[in-house]
Each structure stands twice: as C-alpha cells, then as structure tokens.
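Everything numeric here is computed off the predicted structure, so don't read it as measured data. Counting starts at 1 for both ligands and their atoms, in listed order.
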Amino acid sequence: AVVILLGPPGAGKGTQARRLEEAFGLVQLSTGDLLRAAVSQGTDAGKRAKAVMDAGGLVSDDIVLAILEDRLAQPDVIKGVILDGFPRTEAQADALDAMLAARGQKVNAAVSLDVDDAAMVERISGRYTCGGCGEGYHDSFKQPAKAGVCDNCGGTEMKRRADDNAETVGERLRAYHAQTAPLIAFYKGRGCLSSVDAMAAIDEVETDLQQIIRDAI
Ligand code: AP5
Ligand code: ZN
C-alpha cells in the first residue's frame, strides 16, 4: 500500500509516519531525511541540495526523484510505504504515478494534515530529535521523561535541524503554499484524498489517521 501524508512543515508528518509504520507494517519514506543523509554523506546530490534546503526552498525535482527511485528499489519497502514530504510538486506527483504503475501499485490514500500556519513556527522552533534512534521531541509539547535522555533508546545526543529557525520556516511555509498545497486538489480529483485536523493532540491525530488508512488499504 502507498499512503501519502501531505502538509506544511511542522504539521506532524514525520511524527505520525513513525507511529503508522508500526501499526500497519509500512515503511516511512521521508525525502527530507533522505536529502539530509545525502548532505551529511557529501554526495553530489547532497552538495547541490544543501543551499536550497538551508534557504527553505524546494530541491529540484530531478534530484528528489533520483533519490526516491533508489530508495523504492530497496527490498524492505515491498509491503508498502508512507510517503512523508513527497510528492511536493505536481511534477513529482506525476512521476510517482508512473513509478508506481511500473510496479503494479497506486496511491491508496493521500491525507492532508490541516493546521494553522502561525502554530507551525512554534512547533518547528521547539523541535529536536534523538541522534540515536530519530525519536522526535519538543521543548513544550513532548519532553522525554528525563531531560536530555531519549525515552525510546536511552540515547543522550539530541539534535536540532539547521533549517529549523524562524526565518527559514517562513520560507518553507511559502514554498508549501505555492508549490505543494495544489496537490490537495490533485488527489481530491483522484478520489483518494482525506483530511485530518492536525491541530489536535498527537494521539488523536494518530487515531484519525489509523481509521483513514484502515479504510483505504
Ligand atoms: P522535510 O524534512 O520534509 O521537512 P518539512 O516538510 O519542512 O517538514 P518537517 O519535518 O519540518 O515537519 P513534519 O510535518 O514532519 O513535523 P514533525 O512531525 O517533525 O523537508 C526539509 C527540506 O528538504 C525542504 O524544505 C526541502 O528543501 C527539502 N525537500 C524534502 N522533500 C522534498 C521534495 N519532495 N521536493 C523538494 N524538496 C524537498 O512535527 C513538528 C514538531 O511538532 C515536533 O516537535 C513534534 O513533536 C510536534 N508535533 C507534531 N504533531 C503535533 C501535535 N499534534 N500537537 C503538538 N505538537 C506536535
Ligand atoms: Zn532515541
């Protein structure tokens, strides 16, 4: 099955994708994570992507599609994927359809995580993750039981993203509205769009998403 989580930066795509992986046995596939890995490995694609990501713009479709295609060719994604942060342009959505058609698959559900822009700046500026296992935390909304120690793996190396600052978040929101929000109408036209109130608490959003995905796959 193929499930797409659509939503602006900070909507909770990564948080929810990680939870849904376990519930449905699907693999989270985040183009943001794949791009950050390419940047830290210093690959050609990573070098080209870095400046754009730091400025909050969208990386070019050719780089993103090459990275995604590589990832989809790996054996662990056979059962299905939760796409987190992809597609982000109509060209990416068309390319995804073609890639899936070649594998006899299609998009089963696209879910829009609906939020207020103003709240996203706060969510993103307070965010940090565990360097050991990737578990996400937030200064106000989700702290580990013991400060600085990951609930999940006991790791103590917490990281913040280079693009998680107020100025870059503004640019990322603009890019979302200009280039990605039109995909809501695109998937509505396909009859596979649902939306959830992603201003609700993390557990409630998860319950809503589970219901939608159960019905769709
Ligand atoms: P990417 O890594 O995809 O970042 P993003 O879309 O900006 O999304 P985020 O990861 O910031 O937010 P999220 O929705 O996952 O929220 P989270 O769950 O962490 O992309 C980064 C960059 O890479 C882009 O700017 C672009 O340059 C490039 N890129 C990536 N994909 C691309 C593509 N396809 N094409 C072109 N370029 C691409 O939650 C945020 C915080 O809020 C957390 O602290 C969390 O704990 C908290 N939180 C979550 N849900 C709730 C809730 N319900 N209530 C309260 N707090 C909550
Ligand atoms: Zn951890």
Side-chain angles (χ1 to χ4, degrees), residues 4-19 28-39 45-46 48-68 82-93 95-96 112-116 119-144 148-165 168-176 179-180 183 196-209:
I4 295 173
L5 299 185
L6 282 172
K13 303 180 297 293
T15 300
Q16 297 297 338
R18 287 174 61 85
R19 293 175 168 221
Q28 173 193 15
L29 211 160
S30 156
T31 43
D33 287 348
L34 294 173
L35 286 165
R36 280 183 288 280
V39 169
R48 286 168 62 201
K50 185 176 188 311
V52 180
M53 293 174 75
D54 286 348
L58 291 189
V59 174
S60 69
D61 290 335
D62 60 322
I63 293 182
V64 173
L65 288 168
I67 283 183
L68 184 85
I82 304 167
L83 295 172
D84 156 13
F86 179 93
R88 257 177 158 94
T89 63
E90 216 161 300
Q92 291 180 12
L96 174 66
S112 165
L113 277 63
D114 296 341
V115 291
D116 300 338
M120 294 307 101
V121 178
E122 191 192 5
R123 276 198 195 172
I124 290 180
S125 3
R127 168 171 68 178
Y128 58 97
T129 54
C130 168
C133 70
E135 183 71 14
Y137 295 99
H138 192 280
D139 291 330
S140 336
F141 306 132
K142 188 191 163 198
Q143 288 159 315
V149 181
C150 177
D151 293 336
N152 195 38
C153 75
T156 53
E157 189 213 334
M158 297 294 180
K159 300 189 301 187
R160 287 182 196 259
R161 267 166 53 179
D163 59 344
D164 281 352
N165 55 73
T168 310
V169 172
E171 193 49 44
R172 284 158 62 194
L173 282 167
R174 271 193 292 282
Y176 173 78
Q179 291 168 275
T180 308
L183 294 179
V196 296
D197 172 13
M199 295 303 292
I202 294 177
D203 287 344
E204 287 173 43
V205 179
E206 182 185 6
T207 305
D208 290 349
L209 281 167

List ligand 1 atoms under 4.0 Å from [X], heavy atoms only on the residue side.
X: Thr15; value: 17 (P), 18 (O), 39 (O), 45 (C), 49 (C)
X: Ala198; value: 53 (N)
X: Phe141; value: 55 (C), 56 (N)
X: Gly14; value: 13 (P), 15 (O), 18 (O)
X: Gly85; value: 31 (N), 32 (C), 33 (C), 34 (N)
X: Pro8; value: 14 (O)
X: Arg36; value: 2 (O), 21 (C)
X: Gly57; value: 25 (O), 26 (C), 27 (O)

Test: Arg160 and Asp139 ion pair at under 4.0 Å: yes

Give the residue, atom name and distance (to 0.1 Å) of the protein heavy atom nearest [atom].
atom: atom 44 (O) of ligand 1; value: Tyr137 O, 3.1 Å
atom: atom 23 (O) of ligand 1; value: Met53 CE, 3.4 Å
atom: atom 51 (C) of ligand 1; value: Ile202 CG1, 3.3 Å
atom: atom 16 (O) of ligand 1; value: Gly12 N, 3.2 Å
atom: atom 24 (C) of ligand 1; value: Arg88 NH2, 3.8 Å
atom: atom 31 (N) of ligand 1; value: Thr31 OG1, 2.7 Å
atom: atom 29 (N) of ligand 1; value: Leu35 CD1, 3.4 Å
atom: atom 19 (O) of ligand 1; value: Arg127 NH1, 2.6 Å

Does the N or O separation between [X] and ligand 1 drop below 3.5 Å for any pair?
X: Gly56; value: no
X: Pro9; value: no
X: Val59; value: yes
X: Lys142; value: no
X: Arg161; value: yes
X: Ala201; value: no
X: Gly10; value: yes
X: Tyr128; value: no
X: Asp84; value: no

Option set Lys50, Arg18, Lys13, criterion heavy-atom distance to atom 8 (O) of ligand 1, minimum: Lys13

Closest to atom 54 (N) of ligand 1 among Gln92, Arg123, Glu206, Gln143 (heavy-atom distance): Arg123

Test side chain to side chain contact (heavy atoms under 4.5 Å, CB included) applied to Leu113 and Leu6, step by step: CA-CA 6 Å; Leu113 277 63; Leu6 282 172; over 6 Å; no

Going by heavy atoms in the side chains, are [X] and [Y] under 4.5 Å from each other?
X: Met158; Y: Thr129; result: no
X: Ile124; Y: Asp163; result: no
X: Asp114; Y: Met199; result: no

Ile4 side, atom CD1; Leu183 side, atom CG - distance, nearest 0.5 Å: 8.0 Å

Residue-level breakdown please: for [X] versus ligand 1, do any non-hydrogen atoms fall below 4.0 Å on the side chain, on the backbone, on both, or on neither?
X: Ser30; value: neither
X: Ala200; value: backbone
X: Ala17; value: neither

Kindly give the heavy-atom pair with the smallest separation between [X] and [Y], and that separation in Å.
X: Pro8; Y: Val115; value: CG-CG2, 3.4 Å
X: Pro87; Y: Leu96; value: CD-CD2, 4.2 Å
X: Arg123; Y: Phe141; value: CG-CE1, 3.8 Å
X: Gly7; Y: Tyr176; value: C-CE1, 3.4 Å
X: Arg36; Y: Ser30; value: NH2-OG, 4.4 Å
X: Ala175; Y: Gly56; value: CB-O, 4.0 Å

Derivation and outcome, side chain to side chain contact (heavy atoms under 4.5 Å, CB included), residues Gln16 and Glu206: CA-CA 6 Å; Gln16 297 297 338; Glu206 182 185 6; 3.3 Å; yes

Angular separation of Cys150 SG and Cys133 SG about the Zn ion (ligand 2), given to 10°: 110°

At the Zn ion (ligand 2): angle between Cys130 atom SG and Cys153 atom SG, to 10 degrees: 100°

Close approach, Gly7 and ligand 1, non-hydrogen under 4.0 angstrom: no

Test applied, salt bridge (charged side-chain N to carboxylate O under 4.0 Å, His left out); reference residue, Glu135; option that passes from Lys159, Lys142, Arg127, Arg19: Lys142

Identified side-chain contact (heavy atoms from CB on, under 4.5 Å) partner of Val64 from the options Leu58, Leu34, Val59: Val59

Reference residue Pro9; test side-chain contact (heavy atoms from CB on, under 4.5 Å); the match among Thr168, Leu173, Thr180: Leu173

Thr89 and Asp61: side chain donor to acceptor below 3.5 Å: yes

Test log, rule side chain to side chain contact (heavy atoms under 4.5 Å, CB included), inputs Arg172 and Asp164: CA-CA 10 Å; Arg172 284 158 62 194; Asp164 281 352; 3.0 Å; yes

Phe86 vs Leu65, side chain to side chain contact (heavy atoms under 4.5 Å, CB included): CA-CA, chis, key distance, verdict: CA-CA 10 Å; Phe86 179 93; Leu65 288 168; 3.8 Å; yes

